[in-house]
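Note that the structure is predicted; figures quoted are calculated from it, not measured. Counting starts at 1 for both ligands and their atoms, in listed order.
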Amino acid sequence: MKINKSDVLVIGSGPGGSLSSALLAEYGLNVALIEAGGAYPLSSSPPFSFQEIHTKYRSSGISLAFGNPNINYAEGFCVGGGSEVNSGLYHRLPVSILNSWSNNFSISNLTSDELIPFYEINEHELSVNLCPADLLPRSSLMLKKGADALGWENAEIKRWYKYPDDGPIKQSMTETYIPRALSAGATLFPNTNATLIYKDGKNWAVNAVSNGREISRFIAKSVFICGGAIHSAFLLKSSNLSKLAGSNLNLHPTIKVVAHFNEEINDLTASVAPHQVKEFSPHFSFGCSISTPTHLKMAMFDVPNGLDIVDKHAAYLSTYYCMVTNGSGSVKKILNKDPLVTFDLGKEGYENIINGMKKLCECLFAAGAHTIYPSTRNSIVLNNMADVEAFCTNISLSHLNLMTIHLFSSCPLGEDLNRCVVNSYGRLHGHEGLYVNDSSLLPTAPSVNPQGITMAIARRNIINFLGNYFDA
Ligand SMILES: Cc1cc2nc3c(=O)[nH]c(=O)nc-3n(C[C@H](O)[C@H](O)[C@H](O)COP(=O)(O)OP(=O)(O)OC[C@H]3O[C@@H](n4cnc5c(N)ncnc54)[C@H](O)[C@@H]3O)c2cc1C
């Protein structure tokens with residue numbers, strides 16, 4: 001068996017793990033970074049293509065949180081994690097939610113003012129920008145048009161993108177913090193899945209399986225678990241290190257609709273439409289989804305003749321979503337090697353999804369859509385608000401096709417030992433040298449795209465760790 005020794009081991013190379021690795025290595029620590037998925041450059045597959053889904057998503061994007069209804073969730077599974085496949089939409093955390101986190105979870109030193117320097121440096125390093133006006137997709141402007149007509153708050157959301165003359169480049173982890181970590185001396189082990197963490201004298205030992213068969217052991221004084229909200233909790237549970245881990249999974253349950261316009265609003269490329277409507281947030285909010293023919297077909301799968309409609313009218317169609325913040329779930333370790341994920345949307349979540357879908361349809365009709373296809377199991381076609389009312393009155397919970405790409409809260413941070421898996425800076429309660437530093441830490445659903453918030457908190461925690469490390 002191969003044995004690798006380092007000062008610090010980072011498990012998982014998503015936004016939390018990549019940022020952690022780069023900073024730790026740049027401060028002179030010997031860092032090993034292991035990643036269960038493969039290593040591919042950002043440009044290795046066209047954005048939002050089937051090829052990307054097959055190579056860079058876990059289980060080709062088909063994972064289920066069991067509940068009523070079940071919720072399909074997707075996670076990145078490659079070096080760079082979700083940052084390699086996502087839309088790059090950036091938010092800071094709404095102040096009201098930050099205050100509720102600090103108060104309800106007893107988190108020390110987590111205020112808006114304290115986070116600002118971490119946001120600012122991350123925004124600079126990730127090139128967080130508005131899109132040049134001539135690149136804004138028309139489908140985005142349709143959402144704005146509908147919201148403006150109704151007087152609803154909406155805005156173009158910034159993204160981590162560079163816009164050179166030869167085309168936009170997303171600032172994913174393989175474009176930013178991974179190269180920085182490597183040039184500062186970190187060693188990356190792709191295709192290497194951590195299976196067990198245990199104490200080895202004063203150090204931590206981690207068993208891992210590389211390329212599905214080679215067993216290796218990593219030994220380090222400090223370990224940062226950054227496997228994302230499902231797998232960080234699962235690894236802690238598999239290793240019997242925390243009973244609470246995974247008992248508080250939150251996510252953003254989301255429903256999609258496809259809107260059919262009289263004019264061409266879809267350029268059929270993978271361009272991301274960055275407008276969002278926050279008028280009703282945190283109860284529900286709307287935005288635009290990827291609307292390539294492939295993605296339109298996935299959204300129209302249950303619509304009668306849906307695939308034909310896409311073949312004939314793709315340029316007139318665009319996908320939009322309504323997202324809520326309700327419900328709670330869990331990550332469980334049963335007998336097998338994969339986590340069992342459950343999620344209960346709850347009565348309020350159901351009402352918010354239904355009310356949100358009504359408002360989204362209203363917005364899209366106000367923008368000029370003539371037909372809306374909601375993503376539900378017995379999908380029908382909606383031509384006006386009377387259809388929407390009838391549909392929303394009659395639809396049952398089990399017929400909603402819900403999905404999510406935002407997962408968090410499985411290892412909340414804070415000092416409340418009844419609720420928090422890690423302390424205010426990400427160290428596992430009751431264990432020295434073992435940290436979580438990814439989206440698992442966010443105590444509740446943030447109501448906005450979560451990666452920017454995860455990264456600000458991750459940077460804060462690493463700076464705190466380094467302060468203690470060099471003081472010791
Ligand atoms: C399609 C899609 C679009 C999205 N769009 C946006 C957006 O526009 N804006 C936004 O803010 N957020 C977006 N998100 C969400 C965002 O990508 C995630 O919140 C973010 O990536 C979470 O970061 P993380 O560090 O917690 O973990 P992840 O990105 O999930 O990375 C965890 C990594 O750890 C690896 N890993 C897990 N377990 C192990 C193990 N045992 N051993 C070794 N490695 C392991 C995984 O393979 C993975 O690569 C999107 C997500 C998806 C899937």
- Does any N/O atom on N193 come nearer than 3.5 Å to any N/O atom on ligand 1? yes

- Report the C-alpha separation of S232 and D438 in whole Å, then their side-chain angles, then the decisive distance to 0.1 Å, and conclude whether the side chain to side chain donor-acceptor pair (under 3.5 Å) test is met. CA-CA 8 Å; S232 289; D438 62 11; 2.6 Å; yes

- Item | Test of proximity, A194 against ligand 1: N or O pairs below 3.5 Å | yes

- Just say parallel, tilted or perpendicular for the rings of F465 and Y469, cut-offs at 30° and 60°. tilted

- Message: Are any of the N/O atoms on S439, whether in the backbone or the side chain, positioned under 3.5 angstrom from an N/O atom of ligand 1?
- Response: yes

- Of all the heavy atoms in R58, does at least one lie under 4.0 Å from an atom in ligand 1? yes

- Give yes if a backbone or side-chain nitrogen or oxygen of A229 is under 3.5 Å from a nitrogen or oxygen of ligand 1, and no if not. no

- Look at ligand 1 and say whether W160 reaches it with a heavy atom at a distance under 4.0 Å. yes

- Message: Which option wins on minimum heavy-atom distance to atom 21 (O) of ligand 1: G81, P15, G14, G287?
- Response: P15

- So is V272 in contact with ligand 1, going by heavy-atom distances below 4.0 Å? no

- Message: When you measure from the heavy atoms of F48 to every atom of ligand 1, does any distance fall below 4.0 Å?
- Response: no

- Task: Give the single entry among N86, T195, N191 that approaches atom 5 (N) of ligand 1 most closely by any heavy atom.
- Result: N86

- Task: Using heavy-atom distances, let me know which of I290, I405, I53, I11 sits nearest atom 15 (C) of ligand 1.
- Result: I405

- Note on the structure: protein heavy-atom neighbour closest to atom 38 (N) of ligand 1 works out as H231 CB, 3.3 Å

